[in-house]
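Comments concern the structure below.
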Amino acid sequence: MNERVLISGASIAGLALAHWLTRHGFRPTIVERAPRLRTGGNGVDVRGDAVEVAARMGIMPQVRELATDVHGMKFVDAGDRPVARVEFRDPGSVEIMRGDLVALLDEATDVEILFGDTIRGLEQDADGVRVTFEHAPARAFDLVVGADGMHSHVRRLVFGPEEEFVRHKDHYFAFADADAALGEDRWVTMFNTPGRMAGIYRSGNHAQAKAYFIFRSAPLDYDHRDIVEHKRLVSRTFGDETSWRTRELLDSALADPDFYFDALGQVHMDSWSQGRVVLVGDAAWCASPASGAGAELALVGAYRLAGELAAAGGDHRVAFARYDAVHRPLVEKKQQIGPNVRLMVPRTEGGRCVRDALVRLPLMKAVGAVERRVQGRNARPLPVYGPRR
C-alpha cells in the first residue's frame with residue numbers, strides 16, 4: 001500500500017527519508033530544482049538522536065572522519081584582539097560541513113533523482129496524487145513529501161501562502177566562501193557592531209573558510225531566489241564597515257557564485273500533512289539557523305516519518321498522525337532558540353559589553369554541562385522500526 005513516494009528536495013531531510021523508505025520497502029523518487037546536489041553550506045551538528053539515526057544508516061564513522069574539528073567561537077575587537085571565547089565541548093555532538101553530510105547521504109541512498117526540475121501541480125484523489133512537473137511528463141504517486149526548505153513550493157501549493165507559516169525572527173544572514181587567511185584555524189571568529197555581525201568560520205579539516213554576516217532588520221521585500229539582489233542587500237548593509245576585516249570578508253563573499261542569503265525565520269504549522277501530502281525538514285518546522293538544530297531535526301524527522309509509514313503498513317492517515325505526535329515535542333523544544341541570536345548579534349554597544357563579560361564567566365561552561373546531562377536523562381530511546389507490514 002502506498003509504495004510510490006515522490007520527495008521534493010534533495011535536502012538532508014529528503015535524502016535521509018529516501019534512504020529509510022527504501023530500507024522499508026517503499027519506492028521513493030526525488031525531484032530537485034537544482035541541476036545537481038547542493039554541496040555548499042555551513043557547518044551542521046549531528047547530535048542527540050541524529051547520532052543514532054546516522055549510526056543505523058551506517059554513515060556515522062564517515063561523519064566522525066569528516067568532522068570540522070572547530071574548537072569554539074571567539075569574539076574580537078576592531079584590532080582583532082580576542083575579548084571573549086566560548087569553547088565547544090559536547091562529546092555527544094559532531095559538526096560536519098553540510099555539503100559533506102549531503103554527499104554521505106547520497107552515497108547511502110540509491111534512488112531516482114530528477115535534477116533540474118520541480119513540481120508544477122498536485123491533484124489528490126482517493127487513489128493517489130497526480131503530479132505535473134515543469135519539464136518531465138506527469139506521473140502518478142501514492143504519496144508526496146515536501147522536503148524543499150523554508151520557502152517550500154509544495155507547502156505553498158497544498159497548504160497556502162508562505163506568510164501564513166513563516167515567522168520572521170528580526171534578522172537576516174549570509175554566508176559564502178572566504179579567504180582562510182582572514183581567520184584563526186579551528187575557530188569561529190566574530191566581530192560585532194550594534195545590530196550587525198561579520199565573522200569567519202575555519203574548520204580544522206577543510207582548506208576553504210566561510211564568511212558569515214548577520215544583521216538586524218524588519219522584514220525585507222526581495223526575491224529569495226535572486227542572488228544578485230541578495231549580494232546587493234548585504235553589500236548595502238556592510239559596505240560602510242571599515243573596522244576589523246569586514247571589508248576583506250565582504251569582497252571575498254561577494255565573489256562566490258554560491259553566495260547564500262536568507263532570513264532567520266521559523267516555520268510554525270498546526271499540521272504537517274494534508275491528505276496524501278506531508279512535509280518534513282525545514283518545510284515543516286524550520287527552527288532557524290540560530291537553533292543549530294536543522295540537521296538533527298531533519299535526520300530524526302525523516303527517520304520517524306519513514307518508520308511510521310512502515311509500522312502502519314503504508315497507511316498514510318495513521319502514519320502521518322503518529323509522525324506528527326512523536327516528532328513535534330522535539331521540534332517545539334528546538335524552536336525555543338532563546339538568547340542565541342542576542343549572543344551573536346547584540347543590539348547595542350552596551351549589550352555587546354555585557355555579552356563579552358558573561359561569556360568570560362566560568363559559569364557559562366557549567367550551565368552547558370548541566371543542560372546536556374539533563375537532556376540525556378530525559379531522552380527517550382529512539383524506536384526501532386521493522387520492515388513494512
Minimum heavy-atom distance between [X] and [Y], given as atom pair plus value:
{"X": "Asp117", "Y": "His135", "result": "OD1-N, 3.1 Å"}
{"X": "Gly58", "Y": "Pro61", "result": "O-CD, 4.1 Å"}
{"X": "Val154", "Y": "Ser8", "result": "CG2-CB, 3.6 Å"}
{"X": "His168", "Y": "Ala263", "result": "ND1-CB, 4.0 Å"}
{"X": "Asp356", "Y": "Arg352", "result": "OD2-NH1, 2.7 Å"}

Strictly distance-based, threshold 3.5 Å: is any side-chain N or O of [X] a donor or acceptor partner for the main-chain N or O of [Y]?
{"X": "Gln124", "Y": "Val129", "value": "no"}
{"X": "Thr22", "Y": "Ala18", "value": "yes"}
{"X": "Arg186", "Y": "Ser203", "value": "no"}
{"X": "His19", "Y": "Ala108", "value": "yes"}
{"X": "His153", "Y": "Thr118", "value": "no"}

Using side chain to side chain contact (heavy atoms under 4.5 Å, CB included) as the criterion, list what pairs up with [X], not counting sequence neighbours.
{"X": "Pro383", "answer": "Arg304, Tyr385"}
{"X": "Pro161", "answer": "Glu163, Glu164"}
{"X": "Arg27", "answer": "Glu3, Arg4"}
{"X": "Asp251", "answer": "Arg247"}

If you look only at pairs with a residue in residues 272-294, which of them pass as a side chain to side chain donor-acceptor pair (under 3.5 Å), with sequence neighbours excluded?
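Counting only pairs at least two positions apart or across chains, the side chain to side chain donor-acceptor pair (under 3.5 Å) contacts touching residues 272-294 are Asn2-Arg276.
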
Can Arg120 and Glu134 be counted as an ion pair, charged N to O under 4.0 angstrom?
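Salt bridge absent between Arg120 and Glu134.
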
Salt bridge Glu184-Lys74, side-chain N to carboxylate O under 4.0 Å:
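Between Lys74 and Glu184 there is a salt bridge, with a charged N closer than 4.0 Å to a carboxylate O.
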
Looking only at the side chains, is there a donor atom on one of Glu241 and Ser243 sitting less than 3.5 Å from an acceptor on the other?
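Per modelled atom types, Glu241 and Ser243 side chains form a pair under 3.5 Å.
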
Can you confirm whether the side chains of Arg232 and Ser235 place a donor and an acceptor under 3.5 Å from each other?
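No, no side-chain donor-acceptor pair sits under 3.5 Å.
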
Only one of Asp49, Val44, Leu17, Leu105 passes side chain to side chain contact (heavy atoms under 4.5 Å, CB included) with Leu299; say which it is.
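Exactly one pass, corresponding to Leu105.
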
With sequence neighbours left out, what residues match Arg139 under salt bridge (Lys or Arg N to Asp or Glu O under 4.0 Å)?
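Per chain and number, Arg139 pairs via salt bridge (Lys or Arg N to Asp or Glu O under 4.0 Å) with Glu112.
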
Expected list for residues 173-180: side-chain donor-acceptor pairs under 3.5 angstrom, two or more places apart:
unit_1 : atom_1 : unit_2 : atom_2 : d
Asp177 : OD1    : Lys210 : NZ     : 2.8
Asp179 : OD1    : Ala181 : N      : 3.0

Applying ring pair (Phe, Tyr, Trp, His ring centres under 6.0 Å), name anything that partners His151, two or more places apart in sequence or on another chain.
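With sequence neighbours excluded, His151 shows a ring pair (Phe, Tyr, Trp, His ring centres under 6.0 Å) to His224, given in chain and number order.
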
Pairs involving residues 166-176, ordered by first then second residue, that meet salt bridge (Lys or Arg N to Asp or Glu O under 4.0 Å) (sequence neighbours left out):
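Sorted result for residues 166-176: empty, none.
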
For Ile227, the rest of its hydrophobic cluster, which grows through side-chain links under 4.5 angstrom:
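Direct or chained contacts put Ile227 with Val76, Tyr172, Leu182, Phe191, Ile200, Phe213, Phe215, Leu220, Tyr222, Val228, Leu233, Val234, Phe238, Trp244, Leu249, Leu250, Leu254, Phe259, Phe261.
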
List the atom pairs, with distances to 0.1 Å, where a side-chain N or O of residues 93-102 and a protein N or O form a donor-acceptor pair under 3.5 Å, not counting sequence neighbours.
unit_1 : atom_1 : unit_2 : atom_2 : d
Glu95  : OE1    : Thr68  : OG1    : 2.9
Glu95  : OE1    : Tyr201 : OH     : 2.9
Glu95  : OE2    : Tyr201 : OH     : 3.3
Arg98  : NH1    : Arg38  : O      : 3.0
Asp100 : OD2    : His206 : NE2    : 2.7

Is any side-chain heavy atom of Phe320 closer than 4.5 Å to one of Val277?
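They are not in contact (no side-chain heavy atoms under 4.5 Å apart), so the answer is no.
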
Any pair counted as ring pair (Phe, Tyr, Trp, His ring centres under 6.0 Å), so long as it reaches residues 99-124, sequence neighbours left out
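Qualifying pairs: none.
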
Look up atom CD1 in Ile7 and atom CD1 in Ile30, then write down how far apart they are to the nearest 0.5 Å.
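Taking CD1 in Ile7 and CD1 in Ile30, the distance rounds to 5.0 Å.
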
